[in-house]
Visitor: 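Next up is a structure, given as structure tokens.
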Amino acid sequence: MLIPHLPPQLTDPPDTPDHQADGPGPIAAVRCAADRAGTVVRVTGEIDLSSAHLLVEAVQRSCDGHGGPIRLDLSEVTFFSASGITALLRARAAVEAAGGSLHLDEPAPCVRRLLALTRTGLPTGPGDARW
């Protein structure tokens, strides 16, 4: 990271893990796959203001043109902010508008905690997986 008002020797050197020559890696990854039970959208990493849109876009593309079930795998999410809550609400609205249903597959503890704190109404246990 270069800070304009500091000399280069006081900033992160380019060979440190936090500053690689190609820049920092992505903070989140989204993958979609279809199986007999429907579509699985898997998110890994951090869901925050800069990455929450990826979740929404992936779910919207997955339910475009059909109303089948979509499973959202958040088991490998490492950070979940209020932007993630908004993204889940938008994703649910998109799936329901297409006539489908959204299911959460084992959300990570950070996701469950924020959902419980905000009383969003999302299921947090395996017995209550449809949202």
Visitor: Calculate, to the nearest 0.5 Å, the distance between atoms OG1 and NE2 belonging to T86 and H53 respectively.
Guide: 13.5 Å
Visitor: How far does CG of L104 sit from CZ of R92, to the nearest 0.5 angstrom?
Guide: 10.0 Å
Visitor: Can you name the side chain to side chain contact (heavy atoms under 4.5 Å, CB included) partners of T44, sequence neighbours left out?
Guide: A29, R31, R42, E76
Visitor: Within the distance-only criterion (no hydrogens, no angle test), does the side chain of R90 pair as donor or acceptor with the backbone N or O of V56 below 3.5 angstrom?
Guide: no
Visitor: In the structure I gave you, are the side-chain heavy atoms of T78 and I27 within less than 4.5 Å of one another anywhere?
Guide: no
Visitor: Could you state the interatomic distance from CZ (R112) to CG (L117), rounded to the nearest 0.5 Å?
Guide: 13.0 Å
Visitor: Would you compute the distance between atom SG of C110 and atom CG of L115 and round it to the nearest 0.5 angstrom?
Guide: 9.5 Å
Visitor: Do the non-hydrogen side-chain atoms of I85 and F80 ever get within less than 4.5 Å of each other?
Guide: yes
Visitor: Can you tell me how far apart SG (C32) and CD (E57) are? Round to the nearest 0.5 Å.
Guide: 11.0 Å
Visitor: Any heavy-atom pair between the side chains of D105 and L74 that's under 4.5 Å?
Guide: no
Visitor: side-chain contact (heavy atoms from CB on, under 4.5 Å) between V95 and V59: does it pass, once the steps are laid out?
Guide: CA-CA 7 Å; V95 172; V59 169; 3.4 Å; yes
Visitor: Regarding S101 and H103, do their side chains bring together a donor and an acceptor under 3.5 Å, going by distance alone?
Guide: yes
Visitor: Considering all heavy atoms of both residues, which atom of V30 and which atom of A58 are nearest to each other, and what is their separation?
Guide: CG1-CB, 3.4 Å
Visitor: Consider side chain to side chain contact (heavy atoms under 4.5 Å, CB included). Of I47, V43, V77, L72, which one does V111 pass it with?
Guide: V77
Visitor: Check for me, please, whether L54 and L89 land in the same ILVMFWY cluster - side-chain distances under 4.5 Å, paths through other members count.
Guide: yes
Visitor: Okay, side chain of S51, backbone of E46: is any donor-acceptor separation there less than 3.5 Å?
Guide: yes
Visitor: How far does CG of L114 sit from CG of L88, to the nearest 0.5 angstrom?
Guide: 9.5 Å
